[in-house]
Amino acid sequence: MSEIIFEIEALTDNLPNVLEYIDSELEKMDCPFKVQMQIDIAVEEIFVNIASYAYAPDTGKATIKIVSDTDEPQVKIIFIDQGVPYDPLKKQDPDVTLSADEREIGGLGIFMVKKSMDDMFYEYKDGQNILTIVKKL
């Protein structure tokens, strides 16, 4: 098992750096391109949410851990911040049968992450939001 840790200021301007880091690690794991794209979309949604809401109106750090296991062809990406406690998994999924005009604003991004990842879980521990996504390779 390997664990790689990346810490960065939680600013939307840093998203390209986060994606570059994630993609370089996924390429080392021979991650299929389609899976990498799904992970990139999930990472973008989660990181932008941290940057936009966790510390508002201030800023803070985001820690991203990538955990892989040679015994199991999957990757775990763990996002950690010390911002306002928030469990995005408790938000009710949007009713995607409604038109965009009829739906409430928000929640579609996390819904897409939940649908595209194999597992996703949240915990608040020691003053930290810890959101983990899991994707089989």
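Here F33 sits in one hydrophobic cluster together with M37; the rule is ILVMFWY side chains under 4.5 Å apart, joined directly or through other members. The hydrophobic cluster around Y86 extends to none of the other residues, as no ILVMFWY side-chain heavy atom falls under 4.5 Å of it.
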* Could you check Y53 against V84 for side-chain contact (heavy atoms from CB on, under 4.5 Å), going step by step and ending with a plain yes or no? => CA-CA 8 Å; Y53 305 114; V84 176; over 6 Å; no

* To do: Applying side-chain contact (heavy atoms from CB on, under 4.5 Å), run through I110 and N49 and close with a yes or a no.
  => CA-CA 9 Å; I110 290 294; N49 280 350; 3.9 Å; yes

* To do: Might you work through the side-chain contact (heavy atoms from CB on, under 4.5 Å) test for E72 and K136, ending with a clear yes or no?
  => CA-CA 8 Å; E72 208 169 337; K136 293 179 181 152; 5.7 Å; no

* To do: Begin with the C-alpha distance, continue with both residues' side-chain angles, and end with the deciding distance and a verdict on side-chain contact (heavy atoms from CB on, under 4.5 Å) for V134 and F121.
  => CA-CA 9 Å; V134 180; F121 43 95; 4.1 Å; yes

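Taking the side chain as every heavy atom from C-beta outward, I22 and F6 never approach each other to under 4.5 Å. At a threshold of 4.5 Å between non-hydrogen side-chain atoms, the residues S116 and I41 do not count as touching. Between N14 and F47 the shortest side-chain heavy-atom distance falls below 4.5 Å.
K65 places no side-chain N or O within 3.5 Å of a backbone atom of T132 that could act as its donor or acceptor partner. Y55 places no side-chain N or O within 3.5 Å of a backbone atom of I50 that could act as its donor or acceptor partner. Under a 3.5 Å cut-off, the side chain of D126 and the backbone N or O of Q128 do not form any donor-acceptor pair.
Contact record, D40 with L19: O-CD2, 3.7 Å, taken as the closest heavy-atom pair. Across all non-hydrogen atoms, the minimal contact from T12 to P16 is O-CD, 4.2 Å.
Under the 4.5 Å side-chain heavy-atom criterion for ILVMFWY residues, no single connected hydrophobic cluster contains both F79 and L11.
If you take OG on S2 and CD on E25, they are separated by 8.0 Å, rounding to the nearest 0.5 Å. Atom CD1 of I39 and atom NZ of K135 lie 7.0 Å apart (nearest 0.5 Å). The structure places CD1 of I5 at 7.5 Å from CD1 of I80, a figure rounded to the nearest 0.5 Å. Rounding to the nearest 0.5 angstrom, the gap separating the NZ atom in K114 from the CG atom in D119 is 12.0 Å. To the nearest 0.5 Å, the span separating CD1 on I78 from CD1 on I46 amounts to 11.5 Å. Taking CD1 from I133 and CD from Q74, the interatomic distance works out to 11.5 Å, rounded to the nearest 0.5 Å.
Within a 6.0 Å sphere centred on OH of Y124, other residues, nucleotides and ligands contribute more than 12 heavy atoms.
Listed by chain and residue number, T63 satisfy the side chain to side chain donor-acceptor pair (under 3.5 Å) test with E7 (two or more places apart in sequence, or in another chain). Remark: D23 engages Q36 in a side chain to side chain donor-acceptor pair (under 3.5 Å) (not counting sequence neighbours). When the side chain to side chain donor-acceptor pair (under 3.5 Å) test is applied to E123, no partner is found at least two apart in sequence or on another chain.
Under the salt bridge (Lys or Arg N to Asp or Glu O under 4.0 Å) criterion, no residue pair touches residues 75-87, with sequence neighbours excluded.
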